[in-house]
Q: 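Structure in structure tokens, see below.
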Amino acid sequence: MAIFPSVSLFLLAVGLALLTILTRRKIKESYIEFRAIAYSYDLMSSSFRPGQNTYHFTILGNPVVGIRGQEARKVFFNERSFSTSEGYKVFSKAAPVPELAKTLLSAEEGHGLHFKKQLEILVNKNRLADIIATMLGDMQRLTATWNNKGSMDPFDKINDITFHVTAHMITSNDFVSDSVNFSRFQTHFFTQLKNNTPAMIFLPWFYRKSQREKEIAITSLFTTLTGYIEAREKDKFSPSEPIDLLLDHGLNSQEIIQFILGFLFGGVYNATKAISWVLIYISMHSQWKMAIRSEVEDVLSKHSFDISKPLHSRLSEVPLEAWEESLPTLDLVISETFRLVMNQTVLRRNIGEDVEIPGGQGHVPSGAFVAYSNADAHLEPEIYDDPWSFKPDRFEHGKQKVLSNDFLGWGAGRHRCVGLGIAKLTIKTIVCLFVMTYDYDITRTKRKSNPTIPIPDHNKVNEARPKGEVITLNYQRIEQSAAI
């Protein structure tokens, strides 16, 4: 009879041991899930075992396969069943079921083509000269309000410029000229962007106020655009402004709103990030800033002969071909900046059958999410020599062999940036006008470490600022005669 207490104690001990194991496993899974959402760059940089190119974890109960390496990268960017739009629905808790694969694939490809056609209505060779002049004019007006000498947060100031020129490009002059309503629209846009973070998905109860702010901001964006578009449609404006052109091509209000917000969300943050970091890096490596200035002066001497005109007017006389082909130094700088700063973790979802990862590294199950960090290519020493150094000349033709899937700044394979041309043109016009208008340098403060080169915090979604420090840009306006 005395055996029963011993058995009971034994069973209790086994139960407690199992509970401890399960609890530890759950804590570990929760920790990995938290890192995947809040620190995706760190997770993707440190979690692969030696010799392994796949890493399995979960996000909000959904299976995720992290991948790395050349062959896996080719699959990630070229596999037809890897959906971009469905990849990010994990953040809205609206992930679809695999049975919808054919419908989803067709819808995604159709949406991509539809967006491209809408973009071509507004951004084509017949309109690009006017777009360039408008962007330069907008920037001139915005910077005219600055002091001739001062210090600024480059990310804030460039953000304002980028938002204005991008919105002007796809709405109308009336829309951006209404300073009160446009300022309110801009505030709502960045409120939504600020509150669209992975942490809000993981801890929604902690971010109820932010969720509410986000909902109000999105509603306000739609309401503002709806009212404006309906007024334009009612008054029958001639199709010279972007919104009127879209209406003239048969798009309804909902389609135009989706296009405008999609273009803004896709363009403003990335352009701000690229421009700000170009200005920072060429300030730290002044030979590149001087080379760009010399390049712009040469272009102006060939295409704008009246030196009495304001600089922005002279730049607007430069033809599209020269912007695209006669600024090779700036092209090198842009590519190297993208390599260093565009290293976010990218998501897809496999909406087709199971997909094998080459090299016997396993497979991506149907319905699973796929994660890839651009840093796997951009910061890989076997691809880019001395990857943590700013060396734009590495992209000179023939200097370093870079395969098509090794540079991911503009996407790759089936997932190339649809707006690549206008995005690069936006970056070039703003950088050129800035470096020709201002002498400037940067100050680095509050540094928690001493990195070889400052970089953004790749863990933070929608954040362009540097990791572990503050960068201030000190500027002084150049007299026009000296600038040209």
Side-chain angles (χ1 to χ4, degrees), residues 36 40-41 43-45 47-49 51-92 94-116 262 266 270 338-339 342-380 382-383 402-420 458:
S40 58
Y41 173 79
L43 180 78
M44 293 293 289
S45 300
S47 297
F48 292 92
R49 294 179 179 176
Q52 294 294 314
N53 288 339
T54 58
Y55 175 67
H56 296 258
F57 55 98
T58 62
I59 295 180
L60 303 173
N62 297 289
V64 183
V65 182
I67 62 174
R68 69 174 180 178
Q70 178 83 21
E71 295 304 315
R73 181 160 62 250
K74 290 179 182 178
V75 173
F76 185 83
F77 286 100
N78 290 282
E79 172 55 47
R80 185 171 180 264
S81 65
F82 283 5
S83 166
T84 300
S85 60
E86 298 306 321
Y88 287 96
K89 281 191 176 180
V90 66
F91 291 118
S92 63
V97 293
E99 287 77 8
L100 298 176
K102 292 183 179 179
T103 303
L104 287 169
L105 188 57
S106 174
E108 173 162 290
E109 292 181 341
H111 174 74
L113 291 172
H114 195 51
F115 185 87
K116 187 176 181 180
N270 287 324
F338 269 58
R339 185 189 68 80
M342 299 298 185
N343 289 315
Q344 62 275 16
T345 298
V346 189
L347 288 175
R348 305 277 188 263
R349 195 184 193 203
N350 182 12
I351 58 175
E353 302 297 325
D354 292 359
V355 174
E356 292 295 324
I357 301 299
Q361 295 289 336
H363 68 281
V364 178
S366 176
F369 292 85
V370 198
Y372 178 78
S373 171
N374 286 353
D376 174 60
H378 288 168
L379 301 178
E380 171 53 57
E382 293 185 6
I383 300 175
V402 178
L403 301 177
S404 60
N405 286 323
D406 290 341
F407 179 71
L408 309 171
W410 303 103
R414 295 175 56 83
H415 300 277
R416 294 279 289 174
C417 174
V418 175
L420 186 157
H458 301 308

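Here the structure is a predicted model, which is why all the values come from computation and not from measurement.
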Q: Side-chain contact, heavy-atom cut-off 4.5 Å: Glu356 with Val75?
A: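 Side-chain contact under 4.5 Å: no.
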Q: Test side chain to side chain contact (heavy atoms under 4.5 Å, CB included) on Glu380 and Asp406 and set out the steps.
A: CA-CA 9 Å; Glu380 171 53 57; Asp406 290 341; over 6 Å; no
Q: The criterion is side-chain contact (heavy atoms from CB on, under 4.5 Å); which residues satisfy it with Ala377, sequence neighbours excluded?
A: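 If we apply the side-chain contact (heavy atoms from CB on, under 4.5 Å) test to Ala377, skipping adjacent residues, the hits are Arg73, Tyr372, Ile383, Leu408.
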Q: At their closest point, which heavy atom of Ile67 faces which heavy atom of Ala72, and how far apart are they?
A: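 Smallest interatomic distance, heavy atoms only, reads CD1-O, 3.5 Å.
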Q: Under the side-chain contact (heavy atoms from CB on, under 4.5 Å) test, which residues partner Glu353, sequence neighbours left out?
A: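 For Glu353 there are no side-chain contact (heavy atoms from CB on, under 4.5 Å) partners, ignoring immediate neighbours.
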Q: Could you state the interatomic distance from CG (Leu347) to CZ (Phe76), rounded to the nearest 0.5 Å?
A: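 That separation rounds to 7.0 Å.
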Q: Quick check: closest heavy atoms across Asn270 and Met342, and the distance to 0.1 Å?
A: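 Scanning both residues, the minimum pair turns out to be O-CE, 3.5 Å.
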Q: Looking only at heavy atoms, which two atoms of Gly352 and Ser366 are closest? And how far apart?
A: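 Looks like O-OG, 2.7 Å.
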Q: Partners of Asn343 by side chain to side chain donor-acceptor pair (under 3.5 Å), sequence neighbours excluded?
A: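 Result, side chain to side chain donor-acceptor pair (under 3.5 Å) vs Asn343: His378.
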Q: Can you name the residues that form a salt bridge (charged side-chain N to carboxylate O under 4.0 Å, His left out) with Arg348, not counting sequence neighbours?
A: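 Here no residue qualifies.
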Q: Residues in side-chain contact (heavy atoms from CB on, under 4.5 Å) with Pro365, at least two apart?
A: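 Once residues adjacent in sequence are excluded, the partners of Pro365 under the side-chain contact (heavy atoms from CB on, under 4.5 Å) criterion are Val65, Asp354, His363, Ala368.
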Q: Enumerate the residue pairs fulfilling salt bridge (Lys or Arg N to Asp or Glu O under 4.0 Å) with a member in residues 54-68, sequence neighbours excluded, ordered by first and then second residue.
A: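 Residue pairs passing salt bridge (Lys or Arg N to Asp or Glu O under 4.0 Å), neighbours aside: none found.
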Q: Under a 4.5 Å cut-off applied to non-hydrogen side-chain atoms, are Arg339 and Asn374 in contact?
A: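 A side-chain contact under 4.5 Å is absent here.
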Q: Please give me the minimum heavy-atom distance between Gly413 and Asn405, naming the atom from each residue.
A: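 For Gly413 and Asn405, the tightest heavy-atom pair comes out as N-OD1, 4.3 Å.
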Q: Roughly how far, to the nearest 0.5 Å, is CG of Asn62 from CZ of Arg349?
A: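 Rounded to the nearest 0.5 Å, the CZ-CG separation comes out at 6.0 Å.
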Q: Taking Gly69's backbone N and O only, do any of them form a donor-acceptor pair with Asp376's side chain (distance below 3.5 Å, no angle check)?
A: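 Flag set: sc Asp376 to bb Gly69 pair under 3.5 Å.
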Q: Once you measure the plane-to-plane angle for Phe338 and Phe407, does it fall in the parallel (<30°), tilted (30-60°) or perpendicular (>60°) bin?
A: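 Judged by the thresholds at 30° and 60°, the geometry between Phe338 and Phe407 is tilted.
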Q: Do Glu79 and Asn350 make a side-chain contact, defined as non-hydrogen atoms from C-beta onward lying under 4.5 Å apart?
A: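 The answer is no; the side chains never approach within 4.5 Å.
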Q: Hey, could you give me the CZ/CD1 distance between Phe82 and Ile351, rounded to the nearest 0.5 Å?
A: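 Phe82 atom CZ to Ile351 atom CD1 measures 10.5 Å (nearest 0.5 Å).
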Q: May I have all residue pairs that pass salt bridge (Lys or Arg N to Asp or Glu O under 4.0 Å) and include part of residues 52-64, sequence neighbours excluded?
A: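 Residue pairs passing salt bridge (Lys or Arg N to Asp or Glu O under 4.0 Å), neighbours aside: none found.
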Q: How long is the straight-line distance from OG of Ser81 back to CD of Glu86, given to the nearest 0.5 Å?
A: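 Spacing of CD (Glu86) from OG (Ser81) equals 12.0 Å.
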Q: So how far is it from Ser83 OG to Arg414 CZ, rounded to the nearest 0.5 Å?
A: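 Rounded to the nearest 0.5 Å, the OG-CZ separation comes out at 10.5 Å.
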